[in-house]
Amino acid sequence: MDQQCSVKCGLGYKYRAVYCSAGGHSPTADIHCNPAYKPRSKRRCRESRCPFQWRAGAWGPCSTTCGRGAPISCQDIQTRVNVRHDGEQELQVRGRYVKVFCFAMNSSQPQEYVTLLAGQAENYAEVYNRRLSRPETCPRNGARMDPCPEECRDDNTAGPGLTTYSRVAVNISSLTLDWDCYSMVHCPQGRFSINLKGTGFVVSPESEWTNEGHFTAAKIHRLEVYNLSN
């Protein structure tokens with residue numbers, strides 16, 4: 001059965017479970033079925049037209065009382081000072097001065113990145129390389145099992161592996177993470193971590209993490225909250 005559309009308005013996707021089985025019984029390994037006849041597991045869907053649109057308010061006051069205000073982007077620094085090399089720069093972001101890494105400064109579209117001072121050990125994303133033999137179950141209450149020779153098998157179709165980050169784009173809300181195919185129920189096994197301590201940025205309490213695929217699940221744990229006013 002199809003799931004609901006992935007969006008409430010506009011264009012999105014619908015997903016459904018597609019698995020190999022013998023005569024409608026429990027799922028079995030995909031190797032037993034001919035991949036040429038595998039049904040689609042995703043299709044486009046269109047909901048009602050989105051009521052949301054961008055609106056601009058009045059400009060606020062200048063960031064300085066004389067001369068030109070502080071730079072607010074890497075492109076601003078590139079234009080004002082003719083900086084053409086990549087490196088750390090100080091910008092004013094929503095009234096605060098923060099350091100960002102300006103990348104592709106020798107191009108027409110430089111990009112801002114945050115250098116993650118907490119290190120790669122606390123900033124990573126992992127796609128789990130196991131798939132349950134019985135994907136409708138969640139053994140051991142979802143506890144991570146390395147290895148799990150009885151309940152699961154190796155699965156390299158989703159591009160498993162560990163990605164670590166030393167820098168991320170300033171627009172943290174756009175950071176996307178891959179998903180794993182461990183189970184069809186609420187039993188996520190892939191892991192990710194973001195630690196912005198010392199950068200001048202925080203993950204907003206209003207941030208939402210989106211899932212992609214069918215029968216997806218996520219458990220988000222916020223370990224610490226940093227007050228930027230301190």
Side-chain angles (χ1 to χ4, degrees), residues 52-129 144 158-180 188-212 218-230:
F52 308 104
Q53 57 182 310
W54 290 105
R55 296 187 182 277
W59 288 104
C62 185
S63 59
T64 182
T65 56
C66 61
R68 302 182 66 179
I72 59 174
S73 69
C74 291
Q75 191 164 44
D76 202 9
I77 291 179
Q78 182 191 68
T79 303
R80 291 192 193 187
V81 197
N82 196 30
V83 174
R84 296 289 175 175
H85 59 273
D86 299 350
E88 297 285 341
Q89 301 288 346
E90 190 174 70
L91 303 180
Q92 188 180 63
V93 179
R94 296 187 180 182
R96 296 181 60 88
Y97 286 92
V98 295
K99 281 191 174 182
V100 303
F101 185 87
C102 292
F103 176 71
M105 290 293 282
N106 202 29
S107 71
S108 60
Q109 294 181 323
Q111 172 67 52
E112 296 83 12
Y113 285 82
V114 174
T115 299
L116 301 169
L117 303 180
Q120 298 182 25
E122 296 194 28
N123 293 280
Y124 59 84
E126 179 195 30
V127 178
Y128 197 47
N129 65 338
R144 180 74 172 255
L162 179 69
T163 302
T164 59
Y165 301 94
S166 58
R167 295 188 180 96
V168 292
V170 172
N171 186 2
I172 303 300
S173 63
S174 67
L175 180 64
T176 59
L177 300 169
D178 215 336
W179 45 271
D180 66 79
Q189 294 291 302
R191 297 179 289 194
F192 75 93
S193 174
I194 299 176
N195 188 337
L196 300 177
K197 185 176 182 180
T199 65
F201 294 88
V202 297
V203 178
S204 170
E206 299 177 357
S207 295
E208 296 183 357
W209 308 98
T210 59
N211 303 330
E212 294 185 3
K219 296 178 182 178
I220 309 299
H221 302 281
R222 296 177 181 270
L223 301 182
E224 297 183 68
V225 177
Y226 298 102
N227 189 346
L228 291 181
S229 62
N230 292 338

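Being a predicted model, the structure only gives us computed values, none of them experimental.
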The side chain to side chain contact (heavy atoms under 4.5 Å, CB included) partner of Ser73 among Gln111, Gln78, Glu112 is Glu112
Please list all pairs meeting disulfide (SG to SG under 2.5 Å) that have one or both residues in residues 85-126, counting only residues at least two apart or in different chains. Cys74-Cys102
Taking only residues two or more places apart in sequence or in another chain, which ones pass side-chain hydrogen bond (donor to acceptor under 3.5 Å, both in side chains) with Arg55? none
Search all heavy atoms of Asp86 against all heavy atoms of Met105 and return the closest pair with its distance. OD1-N, 3.0 Å
Check Lys197 against Leu117 and note the closest heavy-atom contact, atom names and distance. O-CB, 3.9 Å
Taking every heavy atom of Gln92 against every heavy atom of Tyr97, the minimum-distance pair comes out as NE2-OH, 3.5 Å
Shortest non-hydrogen pair, Ile77 vs Pro71, comes out as CG1-CB, 3.6 Å
Any chance you could measure Leu196, atom CG, to Glu122, atom CD, to the nearest 0.5 Å? 11.0 Å
side-chain hydrogen bond (donor to acceptor under 3.5 Å, both in side chains) partners of Thr115, counting only residues at least two apart: Glu88, Arg167
Looking at Phe103, I want to see if its CZ is surrounded by more than 12 non-hydrogen atoms of other residues, nucleotides or ligands under 6.0 Å. no
Measuring from atom CG of Leu162 to atom OH of Tyr124, what distance do you get when rounded to the nearest 0.5 angstrom? 8.0 Å
Give the minimum heavy-atom separation between Asn195 and Asn123, together with the two atoms involved. N-OD1, 2.7 Å
Would you check if Leu91 and Val100 make a side-chain contact, meaning some heavy-atom pair closer than 4.5 Å? yes
Mark yes or no for whether Thr79, through its side chain, and Asp76, through its backbone, hold a donor-acceptor pair below 3.5 Å. no
Measure the spacing between OH of Tyr165 and CZ of Phe192 and express it to the nearest 0.5 Å. 10.0 Å
